[in-house]
Protein chains: 4
Amino acid sequence: MDTHLQSSLDQATENIGRDRPTTKREQRAASIEALLTKALTLFITQGYHATTVEEIAQSADLTKGAVYFYFKSKANVLKALLDRTEELTVEPTIAAMEAAGKDPVDRLNAFVRSQSVIGAEKTEYMLLAILMSAEFNGSGDEIETRLTDLMARMENALRETVKVGQESGAFRNGIGPDELASVIMATNKGCYVEWYMRGGDLKGHDFARAFRDFVFDGVAART
Amino acid sequence: MDTHLQSSLDQATENIGRDRPTTKREQRAASIEALLTKALTLFITQGYHATTVEEIAQSADLTKGAVYFYFKSKANVLKALLDRTEELTVEPTIAAMEAAGKDPVDRLNAFVRSQSVIGAEKTEYMLLAILMSAEFNGSGDEIETRLTDLMARMENALRETVKVGQESGAFRNGIGPDELASVIMATNKGCYVEWYMRGGDLKGHDFARAFRDFVFDGVAART
Amino acid sequence: MDTHLQSSLDQATENIGRDRPTTKREQRAASIEALLTKALTLFITQGYHATTVEEIAQSADLTKGAVYFYFKSKANVLKALLDRTEELTVEPTIAAMEAAGKDPVDRLNAFVRSQSVIGAEKTEYMLLAILMSAEFNGSGDEIETRLTDLMARMENALRETVKVGQESGAFRNGIGPDELASVIMATNKGCYVEWYMRGGDLKGHDFARAFRDFVFDGVAART
Amino acid sequence: MDTHLQSSLDQATENIGRDRPTTKREQRAASIEALLTKALTLFITQGYHATTVEEIAQSADLTKGAVYFYFKSKANVLKALLDRTEELTVEPTIAAMEAAGKDPVDRLNAFVRSQSVIGAEKTEYMLLAILMSAEFNGSGDEIETRLTDLMARMENALRETVKVGQESGAFRNGIGPDELASVIMATNKGCYVEWYMRGGDLKGHDFARAFRDFVFDGVAART
DNA sequence: TATGAATGAGAGTTCATTCAT
DNA sequence: GATGAATGAACTCTCATTCAT
């Protein structure tokens with residue numbers, strides 16, 4: 001039996017009949033997880049500034065002190081969430097584009113599909129990046145830089161692909177790659193926000209397909 | 001001679017050779033104008049909650065008290081700006097669509113052209129509506145309703161046009177009109193925000209054309 | 001009748017039968033005065049850090065907000081008090097030394113007499129400087145510099161006088177002027193604190209005379 | 001063989017070739033020692049209130065919990081240090097005065113010499129008593145009493161000596177013994193603090209001699 | 001012996017708002 | 001028409017302390 005599985009069993013055994021974590025490590029992980037999950041929801045529904053540390057703590061059945069014990073500051077809570085965001089949204093998207101090979105059409109395809117998947121599974125993280133970018137824009141805050149960098153990674157990959165596609169004649173010419181890539185990103189971000197704000201009223205499948213077609217038809221070479 | 005006219009004459013006399021308004025009415029109008037103009041800029045650059053009444057007042061070379069004298073509350077300043085927003089962005093757009101006749105293609109054309117004009121001339125008002133919608137979303141605030149209603153007027157006109165276009169076969173079918181209209185609005189809003197946040201880096205003409213093409217190609221009937 | 005007196009009478013007339021200040025200027029002056037007076041007492045009896053803004057405000061029958069309205073921060077309350085301290089203790093002492101002429105014995109005499117007068121009339125301001133110097137020592141705070149500078153003005157004047165006296169043979173030699181001046185300052189500060197902490201038990205006249213003799217006999221030339 | 005001895009032998013064996021303590025007793029002693037040493041420095045450099053339990057613990061490479069394990073409270077850390085202070089500063093001084101015989105001049109000599117020695121070797125403990133007296137003065141705290149008592153032992157011995165000296169004609173008359181003793185204590189304390197705050201700038205030997213002469217000349221009988 | 005998670009009281013500070021002048 | 005004094009509620013953050021492990 002492999003040792004990883006064994007240790008999992010040990011832990012499981014220790015925990016029989018309990019739903020509260022017992023070891024300190026588990027406690028820590030559980031508390032951090034609860035705090036981050038609740039903070040994520042609160043930040044995107046209310047905004048960062050409108051969310052109080054007290055609210056975050058209470059949502060996770062803890063006190064303010066616990067938030068500061070784990071994160072030292074409210075800003076650090078957001079930073080921790082942005083780390084996750086980068087890991088769960090930016091990196092998979094860029095990886096998917098890389099994996100798609102060199103053809104710009106394939107890469108754009110990979111971008112759009114990746115965004116659709118994230119939109120279905122990790123919506124909140126992507127939304128966080130978008131909404132916080134707006135909220136912190138022009139603040140001069142350290143977080144602003146963090147957000148700009150995060151979004152720039154995606155935008156750079158996209159712009160590069162657009163450029164290559166224009167050069168190869170696969171994508172429309174006559175419009176700068178910066179502007180074309182920006183409209184794609186704008187559409188992408190706009191759709192996330194629209195989906196979040198009116199999600200209940202919209203059919204996800206239709207909405208995603210419309211988004212996909214907008215991007216593809218929008219960049220297609222003019223004939 | 002009635003006293004009202006007399007006092008008007010007095011005021012006119014007083015104002016000879018000055019460029020600062022002196023009559024109470026002018027004073028009033030000038031102060032309100034200054035306050036609203038500065039508040040508009042502050043709300044879109046910093047957000048509503050992050051902007052203090054003190055900042056608004058100081059930007060307009062007045063004191064907090066003046067803000068309360070004219071508007072009774074901070075929320076009212078925003079409401080006044082939303083009144084202007086409706087007048088300057090929503091109404092012209094809807095009027096343009098009405099004026100374009102019954103053909104859905106013409107109407108969509110009118111919508112997109114109107115948005116381009118507003119984007120060039122009244123960017124800040126449109127941005128206010130978009131950014132405040134995000135900031136107040138889910139707040140339960142009275143302002144939320146105001147914003148929802150304001151945006152809904154535009155969206156309803158758009159949805160109706162999309163629907164008619166689909167029925168006539170001019171626009172693509174197979175996707176609900178709600179979803180299609182939402183992606184258009186999402187693209188529209190996304191482009192405003194993108195433009196605002198990266199304006200300096202982008203060529204306006206290219207950006208606007210890309211936006212326009214995205215919308216038209218996106219809604220075009222599939223062949 | 002001169003206009004200044006007239007306006008004083010006007011104000012007096014306005015205030016007949018009231019003990020609350022009426023004009024805004026008076027209000028402001030009264031509030032600031034109350035706040036500073038109470039803060040002075042609290043800072044020297046409890047220390048700066050142990051004194052809360054709430055306490056200062058309540059002592060002056062105001063709220064915390066008023067403290068921030070006038071001083072912007074707790075640190076500024078102390079800074080305002082240090083301005084007064086410099087004006088009421090350091091400057092008179094240095095002025096007295098200057099006025100005493102060039103003879104070092106006269107100058108030292110002036111220093112000691114001035115300190116006795118201050119000890120009798122402005123004890124609290126002098127104590128503030130001494131106690132805050134100890135509390136902020138090594139803090140790296142901006143206030144630390146302010147305090148060091150303030151005390152240095154007195155110490156420099158004293159050291160210079162000591163030096164001249166040593167050179168003229170009026171004061172003892174064989175000990176550096178720095179060290180001699182420091183022991184004088186130490187005795188001076190020590191007496192202020194001792195007086196403050198045990199004031200009730202001590203006869204002021206005897207205590208002051210003993211202090212004076214300590215200084216004069218201590219610096220006297222060895223025969 | 002009794003088990004206690006056995007375990008001692010075991011411990012001795014365990015420790016061969018190490019310089020880190022290993023037995024529980026040694027560990028305990030080492031931890032307590034580290035904690036107290038670091039706390040002493042922190043209390044005099046930052047003050048008691050400005051020093052956090054966390055800082056004390058980290059300085060000693062331990063955690064907050066350890067401080068509470070050994071001392072039960074922050075106040076107890078200070079109390080333990082005050083016990084040491086009494087033992088290392090008050091008692092030697094009083095013992096030296098007793099040992100000097102009955103002559104008040106010899107006793108005062110013993111006091112001054114003892115303070116010079118302490119000033120050179122145990123400065124920090126003496127400073128702790130002086131600075132904490134100021135910080136806790138008027139706090140109503142239990143520690144205030146402890147400090148008052150501690151200082152009073154020294155001051156009483158000094159006052160008694162002064163009194164005897166005045167009665168025998170060796171010391172100046174015309175000033176109450178309380179006042180004279182207080183000025184001596186004030187000079188003493190003042191010099192400790194001055195030395196601590198400006199130590200780097202001053203020559204210890206000169207400073208100590210000036211202090212000594214101040215006291216002797218200050219109490220000398222007037223001729 | 002000592003740790004690390006967590007608490008809760010209270011600190012300094014900000015800000016929308018009120019009101020007498 | 002507009003100011004400036006003042007409030008009070010809420011916010012971020014700190015810290016001595018407790019306790020299960």
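All values below were derived from every heavy atom in this structure, side-chain atoms included, with hydrogens, water molecules and symmetry-related copies excluded. Chain naming here is simple, since letters A, B, ... match the order of the sequence lines and numbering starts at 1 in each.
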Original post:
Roughly how many Å is it from CD in A:E33 to P in E:dA5, rounded to a whole number?
Top reply: 16 Å

Original post:
OP1 or OP2 of E:dA16 sitting under 4.0 Å from any side-chain N/O of B:K74?
Top reply: yes

Original post:
Can you tell me how far P of E:dA6 sits from OH of D:Y68, to the nearest Å?
Top reply: 19 Å

**OP:** Find the distance A:L35:CG to E:dT7:P and express it as a whole number of Å.
**Re:** 10 Å

**OP:** Indicate whether OP1 or OP2 belonging to F:dG4 is found under 4.0 Å from a side-chain N or O atom of C:R28.
**Re:** no

**OP:** Report the distance from atom CZ of C:F71 to atom C1' of E:dT14, rounded to the nearest whole Å.
**Re:** 18 Å

Subject >> Pairing nucleotide - F:dT21, Watson-Crick or G-U, each distance under 3.5 Å >> reply: E:dA2

Original post:
What's the CG-P distance between B:D61 and F:dG4, to the nearest Å?
Top reply: 13 Å

Original post:
Can you tell which of D:N76, D:V77, D:V53 makes a side chain to side chain contact (heavy atoms under 4.5 Å, CB included) with D:Y68?
Top reply: D:V53

Subject >> D:E144/D:K79 ion pair, N-O < 4.0 Å >> reply: no

Original post:
Taking NZ from C:K72 and P from E:dT13, how many angstroms apart are they, rounded to a whole number?
Top reply: 12 Å

Subject >> Stacked cation flag C:K38 on C:F43, 6.0 angstrom / 45 deg >> reply: no

**OP:** With rounding to the nearest 0.5 Å, note down the distance linking CG in D:L40 to OG1 in D:T85.
**Re:** 7.0 Å

Original post:
Of all the nucleotides listed (F:dG1, E:dA16, E:dT7), which has the minimum atom distance to the side chain of B:Q27?
Top reply: F:dG1

Subject >> Residue whose closest nucleotide on DNA chain F lies nearer the 5' end, A:Y48 versus C:Y70 >> reply: C:Y70

Original post:
Does the distance from a Lys or Arg side-chain N to an Asp or Glu carboxylate O, for D:D83 and D:R146, drop under 4.0 Å?
Top reply: yes

Subject >> E:dG12: pairing nucleotide in any strand, Watson-Crick or G-U under 3.5 angstrom >> reply: F:dC11

**OP:** Hey, which sits more toward the 5' end of DNA chain E by its nearest nucleotide, D:A66 or C:T51?
**Re:** D:A66

Original post:
Starting at the 5' end of DNA chain F and moving along, which residue's nearest nucleotide shows up first, A:K24 or A:A50?
Top reply: A:A50

**OP:** Take the protein atom NE2 of B:H49 and the nucleotide atom P of E:dA16, then report the distance between them rounded to whole Å.
**Re:** 10 Å

**OP:** Tell me which of D:T63 and B:S73 sits closer to the 5' end of DNA chain E, going by the nucleotide each one is nearest to.
**Re:** D:T63

**OP:** May I ask you to verify whether the side chain of C:K64 and the base of E:dT13 hold a donor-acceptor pair under 3.5 Å?
**Re:** yes

Original post:
Should D:T52 be listed as having a side-chain N or O under 4.0 Å from OP1 or OP2 of F:dT14?
Top reply: no

**OP:** Could you state the atom-to-atom distance from CD of D:E54 to P of E:dA5 in whole Å?
**Re:** 12 Å

Original post:
Quick one: which of F:dA16, E:dG12, F:dA6 gets closest to the side chain of C:F69?
Top reply: F:dA6

